[in-house]
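Just so it is clear: chains get the letters A, B, ... in the order the sequence lines come, proteins before strands, and each one is counted from 1.
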Amino acid sequence: MGAFLVTLGDVGKAAATADRDARDLRWSQMMAAAQAGDTRAYEVLLRECLPLLRAVCRARLRDANEAEDAVQDTLLTIHRARDSYNAARPFRPWLVAIAERRALDRVRARGRRVRREMPVDAAGEIASGEPGAEAGLDARRAAANLRQAIGDLPPAQRAALGLTKIEELTLVEASQRSGMSVGALKVATHRALHALRRRFGTEE
Amino acid sequence: MRSEDLIQRLASNLRPVRPALHPALATAAWLAVAAAVIGLAVLVSGPRHDLSERLTGGFDLPQIVTASVTGVLAAFAAFELALPERSARWALLPLPAAAAWLATMGWGCLQDLARLGPDGLHIGMSVPCLVFIAGLGVPLTVAMLWLARHAAWLRAGPVAALGGLSAAALASVGLSFIHYLDAAAMVLAWHGLSVLVVTSIAALLGPRLMRRARPVG
């Protein structure tokens with residue numbers, strides 16, 4: 001009986017492995033077809049991989065929007081580095097490694113941003129009556145307002161502004177990073193700046 | 001933009017690509033290119049007349065062997081790192097050989113010290129050394145980064161640095177066949193400096209170069 005159960009377990013395990021291998025093999029073949037220029041195979045493959053990419057990114061980033069941004073970074077990297085895959089190797093480790101890296105990039109960027117945010121004990125500084133504490137808090141509040149305003153922009157404008165004005169990339173670099181054309185970036189950046197000026201009342 | 005829309009957009013401007021070579025094949029291709037270029041440079045400059053004598057004794061042979069091994073392993077490590085799913089620990093592969101290379105030169109310095117006294121450690125100027133290694137190393141690094149261009153958006157920095165190390169180490173092997181330096185201290189200082197310069201240039205400018213050569217699409 002025991003031996004039978006062991007055999008059954010082995011069969012189950014073997015079936016699971018075979019199943020996983022079959023899917024990996026299928027994805028691998030689709031990727032090879034995509035490398036040869038098959039757009040249909042490429043689109044189906046990326047759509048099938050999307051839940052896996054989301055799972056990897058959500059494991060690293062709790063914020064759903066941020067995780068989705070990481071998924072899109074991953075899709076762009078997959079596209080740009082699609083020749084780094086070789087069909088002789090398993091597909092999933094390649095895919096997951098790229099998603100992990102882009103999610104960790106977002107985690108790191110988030111860490112930098114959080115360090116710049118207002119500390120909770122800022123109120124204590126004011127109570128201490130230290131000269132300059134209030135001015136410092138005002139500056140932080142203004143920064144928080146600006147961040148909020150940037151956050152309220154439409155996604156394309158926010159992305160364009162972030163790449164060209166905050167990360168200070170050239171238009172060509174920003175275009176490579178975002179996949180938007182140089183013209184679209186210019187328009188989006190201009191509109192974003194216009195919206196911010198209007199919001200803060202520096203433009204009639 | 002929704003991820004589903006992004007997928008559609010990426011698929012709509014899909015162009016065929018050639019899959020990257022296996023790291024071993026890529027290393028072989030790279031070594032063939034490097035050997036041809038460096039060999040030609042050695043032939044044009046003319047090998048040193050006392051080459052066979054130098055290779056049978058002293059520190060030249062171990063120095064050349066360890067530098068070659070460093071160059072080969074750095075290239076293999078670069079091509080491994082250029083694949084996203086490979087461990088970052090591949091970057092450590094050439095380090096023991098590089099340490100052995102430094103050790104052979106350091107040992108040569110000690111032998112010179114024992115033989116010639118403090119004069120054996122005198123370091124003079126040898127700018128042609130730097131010019132030879134950087135002059136060959138930088139263009140060869142560009143060739144290496146072209147072979148590893150699929151790493152542009154993943155681990156470009158480490159790949160470029162290892163590529164520069166490989167190119168410079170192999171160029172330094174070529175230089176050992178022609179140059180006139182006898183003192184180990186001079187070789188250590190000038191070869192070491194040149195390799196450091198090429199590796200740093202590669203690490204700083206390589207990633208930008210790789211990305212510029214690979215726009216979206």
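- When side chains are defined from C-beta on, B/F132 counts as touching B/I178, because their heavy atoms get closer than 4.5 Å.
- When heavy atoms are compared at a cutoff of 4.5 Å, A/D38 approaches chain B solely by way of its backbone atoms N, CA, C and O.
- Each of B/M1, B/R18, B/E4, B/R9 has some count of heavy-atom pairs under 4.5 Å with chain A, and the biggest count is that of B/E4.
- Between chain A and the options B/A148, B/A82, B/A20, the largest number of non-hydrogen pairs under 4.5 Å is found for B/A20.
- Note that A/R92 lies outside the cation-pi zone of A/W94, set by a 6.0 Å cut-off to the ring centre and a 45° limit from the axis.
- The backbone N or O of B/L162 sits nowhere less than 3.5 Å from a side-chain atom of B/S166 that would complete a donor-acceptor pair.
- The part of B/R2 that comes within reach of chain A is its backbone (N, CA, C, O), which places non-hydrogen atoms under 4.5 angstrom from that chain.
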Note to self: For A/H79 and A/Y42: C-alpha separation, side-chain torsions, deciding distance, then whether side-chain hydrogen bond (donor to acceptor under 3.5 Å, both in side chains) applies.
What the structure shows: CA-CA 10 Å; A/H79 187 72; A/Y42 190 47; 2.7 Å; yes

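- In this structure, B/R86 forms no cation-pi arrangement with B/W90, as its terminal cationic atom is not both closer than 6.0 Å to the ring centre and no more than 45° off the ring axis.
- Within the 4.5 angstrom heavy-atom criterion, only side-chain atoms of B/L6, from C-beta onward, approach chain A.
- Interface remark: of the candidates A/E68, A/M31, A/R47, A/R89, A/R89 forms the most heavy-atom pairs closer than 4.5 Å to chain B.
- Most heavy-atom pairs under 4.5 Å with chain B, from the set A/S84, A/A34, A/A87, A/G37: that is A/S84.
- In this structure, A/D73 pairs ionically with A/R106, as a charged nitrogen and a carboxylate oxygen lie closer than 4.0 Å.
- For A/T77, the part lying under 4.5 angstrom from a heavy atom of chain B is the side chain only.
- For the residue pair A/F91 and A/C49, the shortest heavy atom distance occurs at CE2-SG, 3.8 Å.
- Only the side chain of A/L50 comes within contact range of chain B, with at least one heavy atom under 4.5 Å from a heavy atom of that chain.
- With a 4.5 angstrom heavy-atom cutoff, A/R102 touches chain B only via side-chain atoms.
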